[in-house]
Amino acid sequence: MALADVCGLKTNQLKNSFLSDFGGSSTHLLDDALTSTTNFTVPYGIDPVESLKEFTNPKSDVKIHFDHGTTTLAFKFQHGVIVAVDSRATAGPSIESQTVKKVIEINPYLLGTMAGGAADCAYWERVLARQCRIYELRNKERISVAAASKLLANIVYNYKGMGLSMGTMICGWDKRGPGLYYVDSDGERMSNNIYSVGSGSVYAYGVLDSGYRYDLSVEEAIDLGRRSIYHATHRDAYSGGVVNLYHMKESGWEFISQTDVFDLHYQYKAEKEKK
Amino acid sequence: MSSRYDRAITVFSPDGHLFQVEYAQEAVKKGSTAVGVRGNNIVVLGVEKKAVAKLQEDRTVRKIALLDDHVALAFAGLTADARILINRARVECQSHKLTVEDPVTLEYITRYIAQLKQKYTQSNGRRPFGLSALIIGFDYDGTPHLYQTDPSGTYHEWKANAIGRSAKPVREFLEKSYTDEVAGNQEECIKLALKALLEVVQSGAKNVELAVMRDKEPLKMLELEEVEKYIAEIEKEKEEEAEKKKQKK
(Lines give C-alpha, C1' and ligand atoms only; values in the text may rest on other atoms or scores of the structure.)
Protein backbone atom coordinates (compact mmCIF):
# COMPACT_ATOMS: atom_id res chain seq x y z
CA MET A 1 0.00 0.00 0.00
CA ALA A 2 1.47 3.34 -1.09
CA LEU A 3 0.16 5.30 1.90
CA ALA A 4 1.64 2.75 4.25
CA ASP A 5 5.02 3.15 2.57
CA VAL A 6 4.88 6.95 2.80
CA CYS A 7 4.04 6.81 6.49
CA GLY A 8 6.76 4.29 7.11
CA LEU A 9 4.25 1.69 8.37
CA LYS A 10 5.72 -1.76 8.29
CA THR A 11 2.83 -3.85 6.93
CA ASN A 12 4.59 -7.18 7.39
CA GLN A 13 4.14 -6.84 11.14
CA LEU A 14 0.40 -6.47 10.72
CA LYS A 15 0.33 -9.45 8.38
CA ASN A 16 -0.01 -11.84 11.31
CA SER A 17 -3.55 -12.79 10.40
CA PHE A 18 -4.75 -15.79 12.31
CA LEU A 19 -6.23 -18.89 10.70
CA SER A 20 -7.17 -17.80 7.22
CA ASP A 21 -9.30 -20.59 5.91
CA PHE A 22 -10.57 -21.11 2.38
CA GLY A 23 -8.96 -18.03 0.91
CA GLY A 24 -5.25 -18.36 1.29
CA SER A 25 -3.31 -15.96 3.50
CA SER A 26 -4.22 -12.31 3.35
CA THR A 27 -1.41 -9.81 3.23
CA HIS A 28 -3.68 -6.78 3.54
CA LEU A 29 -5.28 -5.48 6.67
CA LEU A 30 -9.01 -6.24 6.34
CA ASP A 31 -9.00 -5.26 2.68
CA ASP A 32 -10.70 -8.09 0.92
CA ALA A 33 -14.28 -8.95 1.90
CA LEU A 34 -13.67 -12.49 0.78
CA THR A 35 -10.94 -13.16 3.32
CA SER A 36 -11.61 -10.59 6.02
CA THR A 37 -14.52 -12.53 7.47
CA THR A 38 -12.42 -15.60 8.08
CA ASN A 39 -9.30 -13.82 9.27
CA PHE A 40 -8.84 -12.55 12.77
CA THR A 41 -6.00 -10.07 13.17
CA VAL A 42 -4.31 -11.08 16.39
CA PRO A 43 -1.76 -8.93 18.23
CA TYR A 44 1.76 -9.94 17.36
CA GLY A 45 3.29 -12.64 19.49
CA ILE A 46 0.11 -13.82 21.20
CA ASP A 47 -0.76 -17.50 21.25
CA PRO A 48 -4.57 -17.72 21.46
CA VAL A 49 -4.67 -21.17 23.02
CA GLU A 50 -2.48 -20.19 25.96
CA SER A 51 -4.08 -16.85 26.67
CA LEU A 52 -7.61 -18.19 26.43
CA LYS A 53 -6.94 -21.06 28.83
CA GLU A 54 -7.77 -18.75 31.73
CA PHE A 55 -11.31 -18.27 30.44
CA THR A 56 -12.00 -21.92 29.77
CA ASN A 57 -10.44 -23.45 32.87
CA PRO A 58 -13.07 -23.58 35.65
CA LYS A 59 -10.38 -23.40 38.36
CA SER A 60 -8.86 -20.18 37.04
CA ASP A 61 -8.98 -16.83 38.83
CA VAL A 62 -10.87 -15.21 35.98
CA LYS A 63 -14.51 -15.01 36.99
CA ILE A 64 -16.06 -14.58 33.53
CA HIS A 65 -18.20 -17.66 33.10
CA PHE A 66 -20.24 -18.52 30.02
CA ASP A 67 -23.61 -20.08 30.69
CA HIS A 68 -25.11 -22.63 28.36
CA GLY A 69 -28.71 -22.64 29.43
CA THR A 70 -31.03 -23.80 26.70
CA THR A 71 -33.05 -26.69 25.33
CA THR A 72 -32.95 -27.54 21.65
CA LEU A 73 -34.01 -30.72 19.98
CA ALA A 74 -34.35 -32.24 16.53
CA PHE A 75 -35.44 -35.64 15.27
CA LYS A 76 -35.78 -37.42 11.94
CA PHE A 77 -38.92 -39.28 10.99
CA GLN A 78 -40.60 -40.52 7.84
CA HIS A 79 -41.81 -37.06 6.80
CA GLY A 80 -38.57 -35.19 7.42
CA VAL A 81 -37.05 -33.50 10.46
CA ILE A 82 -38.75 -31.67 13.33
CA VAL A 83 -36.70 -28.92 15.00
CA ALA A 84 -37.94 -27.43 18.28
CA VAL A 85 -36.16 -24.94 20.53
CA ASP A 86 -36.86 -22.76 23.56
CA SER A 87 -36.11 -19.02 23.63
CA ARG A 88 -34.59 -18.11 26.99
CA ALA A 89 -31.18 -16.47 27.43
CA THR A 90 -29.67 -16.34 30.94
CA ALA A 91 -26.64 -14.64 32.43
CA GLY A 92 -26.08 -16.37 35.73
CA PRO A 93 -29.30 -16.21 37.74
CA SER A 94 -30.81 -13.45 35.63
CA ILE A 95 -33.10 -14.04 32.69
CA GLU A 96 -31.83 -11.73 30.01
CA SER A 97 -34.33 -12.51 27.30
CA GLN A 98 -37.35 -14.69 26.66
CA THR A 99 -37.41 -14.04 22.94
CA VAL A 100 -34.16 -15.36 21.53
CA LYS A 101 -34.20 -16.95 18.07
CA LYS A 102 -32.33 -20.19 18.56
CA VAL A 103 -32.96 -21.63 15.14
CA ILE A 104 -30.70 -20.19 12.51
CA GLU A 105 -31.98 -20.32 8.95
CA ILE A 106 -28.82 -21.12 7.02
CA ASN A 107 -30.65 -21.33 3.69
CA PRO A 108 -34.10 -22.47 2.54
CA TYR A 109 -33.20 -26.13 2.97
CA LEU A 110 -30.75 -26.08 5.90
CA LEU A 111 -31.40 -25.18 9.52
CA GLY A 112 -28.98 -24.86 12.42
CA THR A 113 -29.79 -24.69 16.14
CA MET A 114 -28.08 -22.59 18.77
CA ALA A 115 -26.83 -23.91 22.09
CA GLY A 116 -23.92 -22.61 24.08
CA GLY A 117 -22.52 -19.23 23.14
CA ALA A 118 -25.11 -17.33 21.11
CA ALA A 119 -22.52 -15.25 19.26
CA ASP A 120 -20.42 -18.28 18.43
CA CYS A 121 -23.39 -20.15 16.99
CA ALA A 122 -24.79 -17.21 15.07
CA TYR A 123 -21.46 -16.13 13.62
CA TRP A 124 -20.12 -19.49 12.51
CA GLU A 125 -23.45 -20.59 11.10
CA ARG A 126 -23.48 -17.45 8.97
CA VAL A 127 -19.98 -18.33 7.76
CA LEU A 128 -21.37 -21.79 6.98
CA ALA A 129 -24.23 -20.20 5.02
CA ARG A 130 -21.68 -18.35 2.91
CA GLN A 131 -19.69 -21.51 2.22
CA CYS A 132 -22.87 -23.41 1.31
CA ARG A 133 -23.84 -20.74 -1.18
CA ILE A 134 -20.39 -20.76 -2.79
CA TYR A 135 -20.57 -24.55 -3.04
CA GLU A 136 -23.99 -24.31 -4.70
CA LEU A 137 -22.75 -21.80 -7.26
CA ARG A 138 -19.59 -23.75 -8.08
CA ASN A 139 -21.14 -27.20 -8.33
CA LYS A 140 -24.58 -26.26 -9.65
CA GLU A 141 -26.29 -28.37 -7.01
CA ARG A 142 -27.27 -28.00 -3.39
CA ILE A 143 -24.74 -28.99 -0.75
CA SER A 144 -25.55 -32.19 1.14
CA VAL A 145 -26.26 -32.05 4.88
CA ALA A 146 -23.26 -34.30 5.50
CA ALA A 147 -20.96 -31.93 3.63
CA ALA A 148 -22.39 -28.79 5.26
CA SER A 149 -22.02 -30.22 8.75
CA LYS A 150 -18.51 -31.39 7.91
CA LEU A 151 -17.54 -27.90 6.72
CA LEU A 152 -18.73 -26.43 10.02
CA ALA A 153 -17.01 -29.13 12.09
CA ASN A 154 -13.72 -28.59 10.25
CA ILE A 155 -13.91 -24.81 10.72
CA VAL A 156 -14.47 -24.97 14.49
CA TYR A 157 -11.87 -27.70 14.91
CA ASN A 158 -9.27 -25.10 14.00
CA TYR A 159 -10.29 -23.20 17.12
CA LYS A 160 -10.37 -26.18 19.43
CA GLY A 161 -9.21 -25.31 22.92
CA MET A 162 -9.68 -21.59 22.40
CA GLY A 163 -12.94 -21.24 24.26
CA LEU A 164 -15.54 -21.49 21.51
CA SER A 165 -18.80 -22.79 22.92
CA MET A 166 -21.18 -24.19 20.36
CA GLY A 167 -23.46 -27.22 20.34
CA THR A 168 -25.48 -27.13 17.17
CA MET A 169 -27.61 -29.46 15.13
CA ILE A 170 -27.49 -29.11 11.36
CA CYS A 171 -30.75 -30.27 9.83
CA GLY A 172 -31.75 -30.53 6.19
CA TRP A 173 -33.12 -32.61 3.38
CA ASP A 174 -30.84 -33.66 0.53
CA LYS A 175 -30.49 -36.43 -2.09
CA ARG A 176 -30.13 -39.03 0.62
CA GLY A 177 -33.31 -37.95 2.41
CA PRO A 178 -33.69 -36.14 5.76
CA GLY A 179 -30.36 -35.33 7.41
CA LEU A 180 -29.52 -34.51 11.03
CA TYR A 181 -26.01 -33.95 12.33
CA TYR A 182 -24.81 -32.83 15.75
CA VAL A 183 -21.72 -30.59 15.62
CA ASP A 184 -20.00 -29.04 18.61
CA SER A 185 -17.02 -26.86 19.40
CA ASP A 186 -15.00 -29.84 20.64
CA GLY A 187 -14.92 -31.02 17.05
CA GLU A 188 -17.55 -33.71 17.55
CA ARG A 189 -19.74 -34.53 14.53
CA MET A 190 -22.30 -37.31 14.68
CA SER A 191 -25.44 -38.37 12.93
CA ASN A 192 -28.45 -40.02 14.47
CA ASN A 193 -32.26 -39.92 14.44
CA ILE A 194 -32.77 -37.93 17.67
CA TYR A 195 -30.69 -35.22 19.29
CA SER A 196 -31.27 -32.78 22.13
CA VAL A 197 -28.70 -30.21 23.23
CA GLY A 198 -28.50 -27.90 26.23
CA SER A 199 -29.06 -27.82 29.97
CA GLY A 200 -32.66 -28.96 29.52
CA SER A 201 -31.80 -31.75 27.11
CA VAL A 202 -32.02 -34.43 29.79
CA TYR A 203 -35.69 -33.65 30.36
CA ALA A 204 -36.41 -33.38 26.65
CA TYR A 205 -34.77 -36.76 25.95
CA GLY A 206 -37.06 -38.44 28.48
CA VAL A 207 -40.20 -37.28 26.73
CA LEU A 208 -38.75 -37.71 23.22
CA ASP A 209 -37.51 -41.23 23.75
CA SER A 210 -40.78 -42.42 25.25
CA GLY A 211 -42.89 -40.98 22.43
CA TYR A 212 -40.63 -41.40 19.36
CA ARG A 213 -41.41 -43.67 16.41
CA TYR A 214 -40.01 -43.32 12.90
CA ASP A 215 -43.48 -43.63 11.42
CA LEU A 216 -45.06 -40.74 13.28
CA SER A 217 -47.48 -38.56 11.36
CA VAL A 218 -46.63 -34.89 10.88
CA GLU A 219 -49.12 -33.73 13.54
CA GLU A 220 -47.91 -36.34 16.04
CA ALA A 221 -44.29 -35.39 15.47
CA ILE A 222 -45.00 -31.68 15.89
CA ASP A 223 -46.86 -32.39 19.12
CA LEU A 224 -44.01 -34.57 20.39
CA GLY A 225 -41.43 -31.87 19.70
CA ARG A 226 -43.51 -29.18 21.36
CA ARG A 227 -44.27 -31.35 24.38
CA SER A 228 -40.61 -32.28 24.88
CA ILE A 229 -39.50 -28.65 24.93
CA TYR A 230 -42.31 -27.74 27.33
CA HIS A 231 -41.28 -30.42 29.81
CA ALA A 232 -37.68 -29.27 29.64
CA THR A 233 -38.68 -25.65 30.28
CA HIS A 234 -40.88 -26.75 33.17
CA ARG A 235 -38.03 -28.38 35.07
CA ASP A 236 -34.90 -26.60 33.81
CA ALA A 237 -34.49 -23.10 35.21
CA TYR A 238 -32.38 -22.01 32.26
CA SER A 239 -34.95 -22.89 29.60
CA GLY A 240 -38.24 -21.15 28.95
CA GLY A 241 -39.99 -18.50 26.95
CA VAL A 242 -41.63 -19.78 23.78
CA VAL A 243 -41.32 -22.96 21.75
CA ASN A 244 -40.25 -22.25 18.17
CA LEU A 245 -40.99 -25.20 15.93
CA TYR A 246 -39.83 -25.90 12.37
CA HIS A 247 -40.56 -28.79 10.00
CA MET A 248 -37.90 -29.74 7.44
CA LYS A 249 -39.56 -31.17 4.35
CA GLU A 250 -38.25 -32.23 0.96
CA SER A 251 -39.13 -28.81 -0.40
CA GLY A 252 -37.28 -27.02 2.41
CA TRP A 253 -38.06 -25.90 5.94
CA GLU A 254 -41.37 -24.50 7.11
CA PHE A 255 -41.90 -22.49 10.28
CA ILE A 256 -44.77 -24.18 12.09
CA SER A 257 -45.50 -22.31 15.30
CA GLN A 258 -44.37 -20.18 18.18
CA THR A 259 -46.14 -21.14 21.41
CA ASP A 260 -45.65 -19.70 24.89
CA VAL A 261 -44.78 -22.43 27.39
CA PHE A 262 -47.28 -21.03 29.91
CA ASP A 263 -50.09 -21.65 27.44
CA LEU A 264 -48.78 -25.17 26.89
CA HIS A 265 -48.66 -25.73 30.65
CA TYR A 266 -52.39 -25.08 31.09
CA GLN A 267 -53.25 -26.91 27.88
CA TYR A 268 -51.49 -30.11 28.97
CA LYS A 269 -52.89 -29.76 32.48
CA ALA A 270 -56.41 -29.62 31.04
CA GLU A 271 -55.72 -32.69 28.88
CA LYS A 272 -54.55 -34.63 31.93
CA GLU A 273 -57.62 -33.71 33.92
CA LYS A 274 -59.94 -34.71 31.11
CA LYS A 275 -58.57 -38.23 31.25
CA MET B 1 13.82 -17.77 -2.88
CA SER B 2 12.32 -14.47 -4.04
CA SER B 3 9.98 -15.83 -6.68
CA ARG B 4 7.77 -12.78 -6.42
CA TYR B 5 9.50 -10.85 -9.11
CA ASP B 6 10.36 -13.59 -11.64
CA ARG B 7 9.45 -12.63 -15.13
CA ALA B 8 6.12 -14.07 -16.20
CA ILE B 9 6.63 -16.51 -19.04
CA THR B 10 3.06 -16.52 -20.33
CA VAL B 11 2.32 -12.99 -21.48
CA PHE B 12 0.02 -11.69 -24.21
CA SER B 13 1.32 -11.10 -27.72
CA PRO B 14 0.31 -7.85 -29.47
CA ASP B 15 -2.51 -9.62 -31.32
CA GLY B 16 -3.97 -11.26 -28.25
CA HIS B 17 -2.37 -14.72 -28.31
CA LEU B 18 -0.80 -16.55 -25.42
CA PHE B 19 2.08 -18.07 -27.32
CA GLN B 20 3.28 -20.31 -24.51
CA VAL B 21 -0.15 -21.93 -24.36
CA GLU B 22 -0.19 -22.39 -28.12
CA TYR B 23 3.28 -23.90 -28.04
CA ALA B 24 2.05 -26.25 -25.32
CA GLN B 25 -0.78 -27.30 -27.64
CA GLU B 26 1.87 -28.04 -30.28
CA ALA B 27 3.59 -30.30 -27.78
CA VAL B 28 0.31 -32.13 -27.36
CA LYS B 29 0.06 -32.67 -31.10
CA LYS B 30 3.38 -34.50 -30.96
CA GLY B 31 2.22 -36.94 -28.30
CA SER B 32 0.86 -40.40 -29.07
CA THR B 33 -2.83 -40.63 -29.91
CA ALA B 34 -5.50 -41.25 -27.31
CA VAL B 35 -9.17 -41.81 -28.10
CA GLY B 36 -12.22 -41.87 -25.85
CA VAL B 37 -15.78 -43.08 -26.55
CA ARG B 38 -18.80 -42.64 -24.29
CA GLY B 39 -21.66 -45.10 -24.63
CA ASN B 40 -24.92 -45.19 -22.71
CA ASN B 41 -23.55 -47.52 -20.08
CA ILE B 42 -19.88 -47.92 -20.91
CA VAL B 43 -16.86 -45.66 -21.43
CA VAL B 44 -13.82 -46.71 -23.44
CA LEU B 45 -10.30 -45.29 -23.57
CA GLY B 46 -7.77 -46.31 -26.18
CA VAL B 47 -4.16 -45.21 -26.47
CA GLU B 48 -1.43 -45.75 -29.02
CA LYS B 49 1.35 -47.77 -27.52
CA LYS B 50 4.75 -46.70 -28.70
CA ALA B 51 7.09 -49.49 -29.73
CA VAL B 52 9.53 -50.27 -26.95
CA ALA B 53 13.23 -50.83 -27.39
CA LYS B 54 14.46 -54.42 -27.29
CA LEU B 55 15.96 -54.28 -23.83
CA GLN B 56 13.13 -52.18 -22.33
CA GLU B 57 10.50 -53.85 -20.15
CA ASP B 58 7.09 -53.57 -21.69
CA ARG B 59 5.02 -52.06 -18.87
CA THR B 60 1.39 -52.57 -19.70
CA VAL B 61 -0.18 -49.47 -18.17
CA ARG B 62 1.54 -46.17 -18.72
CA LYS B 63 -0.77 -43.75 -20.46
CA ILE B 64 -4.03 -44.68 -18.78
CA ALA B 65 -4.13 -43.72 -15.11
CA LEU B 66 -6.75 -44.42 -12.48
CA LEU B 67 -7.71 -41.30 -10.52
CA ASP B 68 -10.28 -43.01 -8.29
CA ASP B 69 -12.39 -46.17 -8.41
CA HIS B 70 -14.76 -44.54 -10.85
CA VAL B 71 -12.53 -42.10 -12.79
CA ALA B 72 -9.74 -42.79 -15.29
CA LEU B 73 -7.55 -40.47 -17.35
CA ALA B 74 -5.63 -40.84 -20.59
CA PHE B 75 -3.38 -38.09 -21.89
CA ALA B 76 -1.43 -36.94 -24.92
CA GLY B 77 1.70 -34.86 -24.49
CA LEU B 78 4.47 -34.63 -21.91
CA THR B 79 4.44 -37.74 -19.73
CA ALA B 80 6.31 -36.09 -16.87
CA ASP B 81 3.83 -33.22 -16.70
CA ALA B 82 1.01 -35.74 -16.72
CA ARG B 83 2.45 -37.51 -13.71
CA ILE B 84 2.25 -34.29 -11.66
CA LEU B 85 -1.34 -33.60 -12.69
CA ILE B 86 -2.40 -37.17 -12.04
CA ASN B 87 -0.91 -37.08 -8.55
CA ARG B 88 -2.68 -33.83 -7.69
CA ALA B 89 -5.97 -35.13 -9.12
CA ARG B 90 -5.69 -38.34 -7.11
CA VAL B 91 -5.20 -36.39 -3.89
CA GLU B 92 -8.12 -34.12 -4.74
CA CYS B 93 -10.40 -37.12 -5.31
CA GLN B 94 -9.67 -38.33 -1.78
CA SER B 95 -9.84 -34.84 -0.26
CA HIS B 96 -13.27 -34.39 -1.77
CA LYS B 97 -14.40 -37.73 -0.37
CA LEU B 98 -13.15 -36.67 3.04
CA THR B 99 -14.82 -33.26 3.23
CA VAL B 100 -18.01 -33.93 1.30
CA GLU B 101 -18.49 -37.66 2.04
CA ASP B 102 -19.27 -38.32 -1.61
CA PRO B 103 -17.07 -39.50 -4.51
CA VAL B 104 -16.13 -36.75 -6.98
CA THR B 105 -18.33 -36.15 -9.99
CA LEU B 106 -16.55 -36.25 -13.34
CA GLU B 107 -17.33 -32.58 -13.86
CA TYR B 108 -15.77 -31.64 -10.53
CA ILE B 109 -12.48 -33.42 -11.06
CA THR B 110 -12.26 -32.20 -14.64
CA ARG B 111 -12.86 -28.67 -13.42
CA TYR B 112 -10.16 -29.11 -10.81
CA ILE B 113 -7.63 -30.31 -13.37
CA ALA B 114 -8.59 -27.53 -15.76
CA GLN B 115 -8.27 -24.89 -13.03
CA LEU B 116 -4.85 -26.25 -12.16
CA LYS B 117 -3.77 -25.99 -15.78
CA GLN B 118 -5.10 -22.45 -16.03
CA LYS B 119 -3.22 -21.40 -12.91
CA TYR B 120 0.01 -22.33 -14.62
CA THR B 121 -0.83 -20.10 -17.56
CA GLN B 122 -0.99 -17.12 -15.23
CA SER B 123 1.83 -17.71 -12.77
CA ASN B 124 5.24 -16.18 -12.32
CA GLY B 125 8.08 -18.17 -13.73
CA ARG B 126 6.05 -21.24 -14.64
CA ARG B 127 5.17 -22.73 -17.99
CA PRO B 128 1.85 -24.33 -18.90
CA PHE B 129 1.36 -28.11 -18.69
CA GLY B 130 2.11 -29.66 -22.06
CA LEU B 131 -0.70 -32.17 -22.19
CA SER B 132 -4.33 -32.69 -23.02
CA ALA B 133 -6.31 -35.20 -21.01
CA LEU B 134 -9.33 -37.38 -21.67
CA ILE B 135 -11.16 -38.06 -18.42
CA ILE B 136 -13.76 -40.82 -18.31
CA GLY B 137 -15.90 -42.33 -15.65
CA PHE B 138 -19.31 -42.66 -14.04
CA ASP B 139 -20.91 -40.27 -11.58
CA TYR B 140 -22.42 -41.65 -8.40
CA ASP B 141 -25.87 -41.62 -10.02
CA GLY B 142 -24.68 -43.89 -12.85
CA THR B 143 -24.36 -41.39 -15.72
CA PRO B 144 -21.22 -41.87 -17.86
CA HIS B 145 -19.11 -38.90 -18.89
CA LEU B 146 -16.15 -38.15 -21.15
CA TYR B 147 -14.37 -34.82 -20.71
CA GLN B 148 -11.38 -33.33 -22.49
CA THR B 149 -9.01 -30.70 -21.06
CA ASP B 150 -6.29 -28.84 -22.91
CA PRO B 151 -3.21 -26.80 -21.89
CA SER B 152 -5.11 -23.51 -21.83
CA GLY B 153 -7.26 -24.78 -18.97
CA THR B 154 -10.55 -25.14 -20.83
CA TYR B 155 -12.63 -28.28 -20.63
CA HIS B 156 -15.52 -29.66 -22.62
CA GLU B 157 -17.71 -32.72 -22.51
CA TRP B 158 -17.65 -35.02 -25.54
CA LYS B 159 -19.48 -38.10 -26.80
CA ALA B 160 -16.28 -39.27 -28.47
CA ASN B 161 -12.95 -37.52 -29.03
CA ALA B 162 -9.30 -38.01 -29.86
CA ILE B 163 -6.16 -36.13 -28.81
CA GLY B 164 -2.52 -36.22 -29.77
CA ARG B 165 -0.86 -37.08 -33.04
CA SER B 166 -3.38 -37.48 -35.90
CA ALA B 167 -6.23 -36.35 -33.65
CA LYS B 168 -7.98 -34.64 -36.56
CA PRO B 169 -8.49 -37.65 -38.90
CA VAL B 170 -9.46 -39.80 -35.91
CA ARG B 171 -12.03 -37.25 -34.78
CA GLU B 172 -13.44 -37.04 -38.32
CA PHE B 173 -13.73 -40.82 -38.39
CA LEU B 174 -15.54 -40.72 -35.05
CA GLU B 175 -17.92 -38.04 -36.29
CA LYS B 176 -18.82 -40.24 -39.25
CA SER B 177 -19.20 -43.47 -37.30
CA TYR B 178 -20.61 -42.48 -33.89
CA THR B 179 -24.34 -43.11 -33.84
CA ASP B 180 -26.91 -43.56 -31.09
CA GLU B 181 -27.03 -47.22 -32.10
CA VAL B 182 -23.34 -47.57 -31.39
CA ALA B 183 -23.74 -45.74 -28.07
CA GLY B 184 -26.41 -48.20 -26.98
CA ASN B 185 -24.26 -51.29 -27.59
CA GLN B 186 -21.25 -51.89 -25.35
CA GLU B 187 -19.42 -54.10 -27.84
CA GLU B 188 -19.91 -51.54 -30.61
CA CYS B 189 -18.41 -48.79 -28.45
CA ILE B 190 -15.29 -50.84 -27.82
CA LYS B 191 -14.99 -51.65 -31.49
CA LEU B 192 -15.51 -48.00 -32.46
CA ALA B 193 -12.65 -46.88 -30.20
CA LEU B 194 -10.46 -49.61 -31.63
CA LYS B 195 -11.40 -48.85 -35.24
CA ALA B 196 -10.71 -45.15 -34.68
CA LEU B 197 -7.30 -45.88 -33.23
CA LEU B 198 -6.41 -48.34 -35.99
CA GLU B 199 -7.03 -45.61 -38.57
CA VAL B 200 -3.78 -43.97 -37.62
CA VAL B 201 -1.83 -46.63 -35.75
CA GLN B 202 0.10 -49.54 -37.21
CA SER B 203 -2.30 -52.45 -37.35
CA GLY B 204 -1.82 -54.93 -34.57
CA ALA B 205 -2.99 -55.57 -31.03
CA LYS B 206 0.54 -54.88 -29.78
CA ASN B 207 0.31 -51.22 -30.72
CA VAL B 208 -2.86 -50.30 -28.87
CA GLU B 209 -3.91 -50.28 -25.23
CA LEU B 210 -7.63 -50.44 -24.50
CA ALA B 211 -9.39 -49.81 -21.19
CA VAL B 212 -13.07 -50.13 -20.44
CA MET B 213 -15.18 -48.92 -17.51
CA ARG B 214 -18.72 -49.92 -16.63
CA ASP B 215 -20.89 -48.43 -13.90
CA LYS B 216 -19.92 -49.52 -10.35
CA GLU B 217 -17.17 -51.73 -11.82
CA PRO B 218 -13.43 -51.13 -11.66
CA LEU B 219 -11.47 -50.05 -14.74
CA LYS B 220 -10.65 -53.05 -16.91
CA MET B 221 -7.55 -53.08 -19.11
CA LEU B 222 -8.23 -55.42 -22.03
CA GLU B 223 -5.81 -58.32 -22.43
CA LEU B 224 -3.89 -58.81 -25.64
CA GLU B 225 -6.05 -61.80 -26.63
CA GLU B 226 -9.26 -59.80 -26.17
CA VAL B 227 -7.95 -56.94 -28.29
CA GLU B 228 -6.90 -59.40 -30.97
CA LYS B 229 -10.36 -60.91 -30.89
CA TYR B 230 -11.96 -57.50 -31.50
CA ILE B 231 -9.48 -56.76 -34.29
CA ALA B 232 -10.39 -60.07 -35.93
CA GLU B 233 -14.09 -59.15 -35.71
CA ILE B 234 -13.39 -55.74 -37.22
CA GLU B 235 -11.44 -57.32 -40.08
CA LYS B 236 -14.28 -59.73 -40.75
CA GLU B 237 -16.84 -56.91 -40.81
CA LYS B 238 -14.66 -54.98 -43.25
CA GLU B 239 -14.47 -57.98 -45.57
CA GLU B 240 -18.23 -58.46 -45.41
CA GLU B 241 -18.71 -54.77 -46.29
CA ALA B 242 -16.34 -55.15 -49.23
CA GLU B 243 -18.21 -58.29 -50.41
CA LYS B 244 -21.55 -56.49 -50.28
CA LYS B 245 -20.19 -53.62 -52.32
CA LYS B 246 -18.85 -56.02 -54.96
CA GLN B 247 -22.18 -57.79 -55.15
CA LYS B 248 -24.02 -54.48 -55.63
CA LYS B 249 -21.89 -53.79 -58.67
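Letters A, B, ... are given to chains in the order of the sequence lines, protein chains preceding strands, and every chain is numbered from 1.
Surrounding CZ of B:R88 are at most 12 heavy atoms belonging to other residues, nucleotides or ligands under 6.0 Å away. The neighbour count for A:Y157 OH, taken as heavy atoms of other residues, nucleotides or ligands under 6.0 Å away, does not exceed 12. Atom CG of B:D180 has 12 or fewer heavy atoms from other residues, nucleotides or ligands within 6.0 Å. With a 6.0 Å radius and a threshold of 12 heavy atoms from other residues, nucleotides or ligands, A:F255 has its CZ atom above the threshold. When the shell of 6.0 Å around CD of B:Q122 is examined, it contains 12 or fewer heavy atoms from other residues, nucleotides or ligands. Summarising the local packing, NZ of B:K97 is surrounded by more than 12 heavy atoms from other residues, nucleotides or ligands at distances under 6.0 Å.
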- Query: Step by step, would you call A:K140 with B:T105 a side chain to side chain contact (heavy atoms under 4.5 Å, CB included)?
  - Reply: CA-CA 12 Å; A:K140 296 178 211 160; B:T105 59; over 6 Å; no

- Message: Under the criterion salt bridge (charged side-chain N to carboxylate O under 4.0 Å, His left out), I'd like the reasoning laid out for B:D102 against A:R176: C-alpha separation, chi angles, the key distance, then a yes or no.
- Response: CA-CA 11 Å; B:D102 259 333; A:R176 295 181 190 157; 2.7 Å; yes

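The interface of residues 104-111 of chain A with chain B, defined by heavy-atom distances below 4.5 Å, is empty.
Screening residues 137-146 of chain B for salt bridge (charged side-chain N to carboxylate O under 4.0 Å, His left out) gives no qualifying pairs among residues at least two apart or on separate chains.
In this structure, CD in A:E141 is found 9.5 Å from CD in B:E107, a value given to the nearest 0.5 Å.
Closest approach of B:V100 to A:S144, counting heavy atoms only: O-OG, 4.1 Å.
The contact between A:N139 and chain B is made by backbone and side chain atoms together, counting heavy-atom distances below 4.5 Å.
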